[in-house]
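Chain letters run A, B, ... following the sequence lines, proteins first and then strands; every chain starts at 1. Just so you know, these numbers use all the heavy atoms, side chains as well, and skip hydrogens, waters and symmetry mates.
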Amino acid sequence: MTTRMDSKPLKIKKGQKFVDALAPGYLKDGIIAVKYQNKTVDLQMEAKENGEFTPVYLKSEDGTRILRHSSAHLLAHAITELYPSALLNAGPATDDGFFYDIEMPPVSTEQLAEIEKKMREISSRKLPITRKVLSKEQLYRMFEGNPYKIQKIRDYVPDGTSSTVYEQGNFTDFCTGPHVPSTDIIKHFRLTSIASALYKVNGEQKHLLRIYGTAFPDESSLKQYFVLKEEAQKRDHRKIGSEMDLYVFDSENAPGFPLYTPNGTIIRDKLIEYMRGLNSSNGWTEVATPHVFRDTMWKRSGHYSKYREDMYLFNLDEDGYAIKPMNCPGHILIFRRNMYSYRDLPVKLSEFGTVYRYEKSGEVGGLTRPRSFTIDDGHAFLALSQVENEIVSILKMIAETFKTLFGGLEISYELSLIDEEHPENFLVGYECADCGEKFDLRGAVDQLKCPKCGSTKLRVNLDKWNEASEALRSAISSLNLPYKETPGDAAFYGPKISVYLKDALGRKWQLSTIQLDFFMPSNFGLTYVDSSGGKSPVIMLHRAVFGSIERIMAILIENYSGKLPTWLSPYQVIVVPVSEHYADYAQGVASALKKSGLRVYLDSTSETLNKKLRLIRRFRAAYICVVGEKEQENNTVTVRSRSDTMKEMRQSEFSEAIAAEIEKRNIEQFM
RNA sequence: GCCACUGUAGCUCAGGAGGUAGAGCAACUGAUUUGUAAUCAGUAGGUCGGGGGAUCAAAACCCUCCAGUGGCUCCA
């Protein structure tokens, strides 16, 4: 899809159309737009001044994006022909296709096929797609009767200026383009699904119908796309997890709550054991906190006002309680049992804490979005001067962890900051202009009031946020890690770093987070005695390396297609006798291996060898040992690895090799 | 919560212009004793997601609830 074409810059004169600046016949070579002054524009556009441009080929990334955007128009065109009363909203290209949001009655999958058919028909009409410049007034007139378009014209086209529409046959859409020059360029596409999408028009929330599709420059990439989707489905952790017997979802009695079987529990335990070691060698101590707290604590921590909707709440006698959706306040209660001097900090508390969040019914799914999950949580209580060092140390733990779990897979970092335009979405400091009171609040600007004098004249103070952000930024850049800043994505109580992994199928998963928090410790009045004998506020740092055990398990399973590294595998060895004649020898092999600490399963059924191998396949054992006459005589085992290579070897040799592999937590097998 | 699709045996699925359920695999029993992805025969297994309705009659039709899957961030 990202085929690089020869795209030497070409010359263009002011007022000349790009299409005319191309040598004749270029269009057939798959050029659908050009890049001029750092923007992609239509071939029919005229250059504003003398200069250079480069052709954009359909097969390039930019070209494919344009193709998809044009496909969305084609979809909209088909809809207007089939359903004249439909009101179009917007239809952009996405990373792997396109969609269009439309106000219209829901359609069935059969109707979807009809729409696709109509699209093909319109495509074959070979309609030229042309761009027209219209004034704001003309646009209003053209789209009157469509409140969605009217709103966009109002919002995006300044008074007295103009914008553009794109026309293909009798269909016109308000759009800045660019687009492919003709409908018949859109050939290799498919509509994929129907969804409903929330949209606000004139301040009112509306459910629009969203139709998804995808398009590619050629048929083979389109096919490839669906092959990859299928491959992803084959690796679905829900499917593999039930084959490997790792966990159960009981949708009647525990919707959204995973129940771990003995096999799944082994994986969990091994992950926890690994993290425990890493925690301890990095100065993290471990604590245990209860699952239920009085709501007084949640009110104080700020969770009650922000997360109440997602919390499991209940009342007993006169008191309100909540099951914990997070571990942090519990750790604060432990931290504050003492007075601390600056010499005592940082205090680093970790816990494999299971939390419960009431996810809305449409949002739960598998291990990636469960209602209960276990965080490899940790909270550091420290002084501002210690923040950067601590973050560096955590970033190193993260890098080490993912190298162990995934080898060389690519990880990337994101630094999420406050949206300075909309501080009301965050807990920020304010100062009262009237009485000078300083306080932290979160809420709509026009509802904010000074808690002391009731004045509404408040000044936002982002000092804490800026300091926090700077500490994160300088830690991440001191390690030369590639990162991207995303304003507005911060947690409501502080900025954060998120870590992403690209898996074997190229999918991006969010893993670790590090969040800085100036506010929760101040809600609980946490201070330490600084070197001058005064009280200084404690800063809190939330971190999770795995993120959640369930999520990391799901990613591991999908990435390895269930064939986990040996140290994590529930079945490290399955011993299979060729027939029952060798049951005793097999038994001996199995117990010797078990004695050396391996997780071994002996298949003692009386099936044929072929059948036994077929039936145990679903467990994705690290090694399968077949033993029969030959092995019994030679005191050997014939070992078959995950990748189906086979080798006969002495029992002791096998047992040492596998022990070393597990000890080092190798991803690769020794054979 | 909203939209589409789905819910029949432990698993994968068939059936269905309405006449109270089928297959393969798994399980169990017996025979077979097997050399790297299906040996044979037999047995057992289901309130067709729950509830309600029209019907002489519902797994099928209608209503409703529950659950699962994919979406609901990427702006003209």
Side-chain angles (χ1 to χ4, degrees), chain A residues 65 69 72-73 76 88-102 104-112 139 143 146 148-157 163-166 173-177 191-201 205-212 229 232-233 236 238-239 242-243 245 248-256 309 359-366 369 486 488-489 574 576-583 605-618 624-631 638-641 644-646 648:
Chain A
R65 218 172 165 88
H69 188 188
H73 277 220
L88 301 174
N89 176 28
T94 62
D95 287 341
D96 67 348
F98 62 88
F99 64 80
Y100 215 109
D101 284 347
I102 308 147
M104 65 185 286
V107 298
S108 65
T109 31
E110 288 80 44
Q111 288 169 294
L112 196 67
L139 289 170
F143 291 100
N146 183 327
Y148 303 100
K149 298 292 180 190
I150 293 294
Q151 176 169 314
K152 286 178 212 309
I153 295 165
R154 193 170 55 228
D155 291 352
Y156 298 114
V157 185
S163 189
T164 54
V165 297
Y166 276 78
D173 202 358
F174 175 52
C175 180
T176 51
L191 295 183
T192 50
S193 64
I194 309 160
S196 115
L198 274 173
Y199 190 78
K200 55 226 166 294
V201 63
Q205 288 260 315
K206 275 215 142 177
H207 287 284
L208 300 183
L209 191 73
R210 175 171 292 183
I211 299 179
Y212 278 92
K229 281 221 138 167
Q233 243 169 38
D236 191 312
R238 286 164 292 207
K239 183 172 136 64
S242 74
E243 282 173 13
D245 193 22
V248 171
F249 284 95
D250 186 320
S251 57
E252 193 191 335
N253 300 294
E309 295 286 293
E359 302 285 351
K360 303 273 182 301
S361 64
E363 288 181 337
V364 294
R369 204 71 199 265
T486 53
D489 276 359
I574 298 184
V576 187
V578 168
S579 81
E580 283 175 64
H581 290 142
Y582 314 103
T605 56
S606 66
E607 301 291 344
T608 61
L609 179 61
N610 279 343
K611 190 164 178 183
K612 282 190 277 200
L613 290 167
R614 198 177 67 78
L615 292 180
I616 60 174
R617 188 174 173 269
R618 68 188 186 109
I624 295 171
C625 285
V626 173
V627 297
E629 188 178 359
K630 192 172 53 171
E631 289 78 8
T638 297
V639 183
R640 175 168 161 172
S641 73
D644 295 331
T645 52
M646 280 181 277
E648 185 183 349

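Residues satisfying the ring-ring contact (aromatic ring centres under 6.0 Å, His included) test with A:Tyr582, not counting sequence neighbours, are none. Take A:Arg618 and apply the salt bridge (Lys or Arg N to Asp or Glu O under 4.0 Å) test, not counting sequence neighbours, and it matches no residue. With sequence neighbours excluded, no residue forms a ring-ring contact (aromatic ring centres under 6.0 Å, His included) with A:Phe174. Qualifying salt bridge (Lys or Arg N to Asp or Glu O under 4.0 Å) partners for A:Asp644, counting only residues two or more places apart in sequence or in other chains: A:Arg640. A search for ring-ring contact (aromatic ring centres under 6.0 Å, His included) contacts involving A:Phe143 returns nothing, not counting sequence neighbours. Every side chain to side chain donor-acceptor pair (under 3.5 Å) that A:Glu243 has, sequence neighbours left out, goes to A:Lys239, A:Arg620. When the salt bridge (Lys or Arg N to Asp or Glu O under 4.0 Å) test is applied to A:Glu580, no partner is found at least two apart in sequence or on another chain. Residues passing the salt bridge (Lys or Arg N to Asp or Glu O under 4.0 Å) test with A:Asp236 are A:Arg238, sequence neighbours excluded.
In this structure, the CG atom of A:Leu208 is 14 Å from the P atom of B:A76, given to the nearest Å. Rounded to an integer number of Å, the gap from A:Arg618 CZ to B:A38 C1' is 16 Å. As rounded to whole Å, 15 Å separates atom P of B:C5 from atom CG of A:Leu191. Here the P atom of nucleotide B:A38 and the CD1 atom of A:Ile616 are 13 Å apart, to the nearest Å. The CD-P distance, from A:Glu631 to B:G35, rounds to 12 Å in whole Å.
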Reading nucleotides 64-74 of chain B 5' to 3', which nucleotides get B (base under 4.0 Å from a protein heavy atom), which S (sugar-phosphate only), which -? ---SSSBBB-B

Can you give one letter per nucleotide of nucleotides 41-51 of chain B, 5' to 3': B if a protein heavy atom sits under 4.0 Å from the base, S if only from the sugar-phosphate, - if neither? -----------

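Distance check on atom C1': B:C48 versus B:U33 gives 41 Å, rounded to whole Å.
Under the 4.5 Å side-chain criterion, counting only non-hydrogen atoms from C-beta, A:Glu648 is in contact with A:Lys630. Taking the side chain as every heavy atom from C-beta outward, A:Lys149 and A:Asp173 approach each other to under 4.5 Å.
Between the A:Gln151 side chain and the A:Tyr148 main chain, no donor and acceptor come within less than 3.5 Å of each other.
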Intra- and inter-strand pairs of RNA chain B in dot-bracket (Watson-Crick or G-U wobble, both distances under 3.5 Å; | for another strand): (((((((..((((.....[..)))).(((((.......))))).....(((((..]....))))))))))))....

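Considering only side-chain N and O atoms, A:Lys611 lies under 4.0 angstrom from the phosphate OP1 or OP2 of B:A26.
Taking for each of A:Glu629 and A:Gly91 the nucleotide of RNA chain B with the nearest heavy atom, the 5'-most of the two is the partner of A:Glu629. Comparing A:Thr164 and A:Arg640 along RNA chain B, the residue whose closest nucleotide (by nearest heavy atom) sits nearer the 5' end is A:Arg640.
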Polar atom pairs (N or O), protein with nucleotides 30-34 of chain B, under 3.5 Å:
{"unit_1": "B:U32", "atom_1": "O4", "unit_2": "A:Ser606", "atom_2": "OG", "d": "3.3"}
{"unit_1": "B:U33", "atom_1": "O2'", "unit_2": "A:His581", "atom_2": "ND1", "d": "2.8"}
{"unit_1": "B:U33", "atom_1": "O2'", "unit_2": "A:His581", "atom_2": "NE2", "d": "3.1"}
{"unit_1": "B:U33", "atom_1": "O2", "unit_2": "A:Glu580", "atom_2": "N", "d": "3.0"}
{"unit_1": "B:U33", "atom_1": "N3", "unit_2": "A:Glu580", "atom_2": "OE2", "d": "3.0"}
{"unit_1": "B:U33", "atom_1": "O4", "unit_2": "A:Glu580", "atom_2": "OE2", "d": "3.0"}
{"unit_1": "B:U34", "atom_1": "O2'", "unit_2": "A:Leu609", "atom_2": "N", "d": "3.3"}
{"unit_1": "B:U34", "atom_1": "O4", "unit_2": "A:Ser606", "atom_2": "O", "d": "2.4"}

